[in-house]
Amino acid sequence: MSALPKTRISTPDAALGKLICTLIPERSRITISSSDDVSIDWGAKGCVNGKTQYVGAQNGNGGGRFDRVLVPDDEQTVSVLSFDPATRVYSNTRYLLSAAGMTAARTARGVVPNVCNMDDAALGRLAGQQAAIRAVLPPLPNEKLVYSCQSAK
């Protein structure tokens, strides 16, 4: 019976359900953000909380990491969110930008639908938008919050 959870955890496209993610202070750099736990609901194929699609990215170790770059309209911060279903490590890398930097990031972002279960063409467009946003980010982030996630009880 113990083989079933291992198979489920190692399959990047599998839904893991509701998770509670706890900050790993020694792997994080916090400047202004809260260190509170984060709750996510990891759905199949990178759907988070039933509404936000993450894009799969090979991490070079044979496993799959999923990323989403968020550029809010009402903040001066770009967040690069990543989750690795195999290790259950979630991270939020934050860049605090100037007004000009945020304008460049928003221009690169364009319009991104906040839906899951995108077809391959839509996933490709989202991946392209995320690459364009990353291209305007500075080389180093202001913060990096790294979390270890466990199934919520």
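None of these values were measured; they are calculated from a predicted model.
Shortest non-hydrogen contact noted between Cys21 and Tyr90 is SG-CB, 4.3 Å. Residues Asp37 and Ile20 share a closest heavy-atom pair of OD2-CG2, 3.8 Å. Taking every heavy atom of both residues into account, Val55 and Ala127 meet most closely at CG1-CB, 3.9 Å. Contact detail for Ala105 and Val78: the closest heavy-atom pair is CB-CG2, 4.0 Å. Glu75 and Arg106 get closest at one heavy-atom pair: O-NH2, 2.7 Å. The shortest non-hydrogen separation linking Val111 to Gln129 is O-NE2, 3.1 Å.
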* To do: For side chain to side chain contact (heavy atoms under 4.5 Å, CB included), just list the numbers for Ser91 and Val146, CA-CA rounded to whole Å, side-chain angles, deciding distance to a tenth of an Å, and then say yes or no.
  => CA-CA 4 Å; Ser91 66; Val146 180; 4.3 Å; yes
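Environment of CG in Asp120: sparse, with no more than 12 heavy atoms of neighbouring residues, nucleotides or ligands closer than 6.0 Å.
To the nearest 0.5 angstrom, Asn117 atom CG is 10.5 Å from Asp119 atom CG. The NZ atom of Lys18 sits 5.5 Å away from atom CG of Asp41, with the distance rounded to the nearest 0.5 Å. If you take CZ on Arg94 and CG on Asn92, they are separated by 6.0 Å, rounding to the nearest 0.5 Å. With rounding to the nearest 0.5 Å, the separation of CZ in Phe66 from CG in Leu81 is 14.0 Å. To the nearest 0.5 Å, the span separating OH on Tyr54 from CZ on Phe83 amounts to 9.5 Å. Summarising the geometry, atom NZ belonging to Lys144 is positioned 14.0 Å from atom OG1 belonging to Thr31; distances are rounded to the nearest 0.5 Å.
Between the side chain of Glu143 and the backbone N or O of Ser33 there is at least one donor-acceptor pair closer than 3.5 Å. Judged purely by atom type and a 3.5 angstrom limit, Ser28 has no side-chain atom pairing as donor or acceptor with the backbone of Ile30. In terms of modelled atom types and a separation under 3.5 Å, the side chain of Gln76 and the main chain of Leu96 share no donor-acceptor contact. With hydrogens and angles ignored, the 3.5 Å screen pairs a side-chain donor or acceptor of Arg68 with a backbone N or O of Gln53.
Looking at Asp67 and Arg134, a side-chain N of the basic residue comes within less than 4.0 Å of a carboxylate O on the acidic one, giving a salt bridge.
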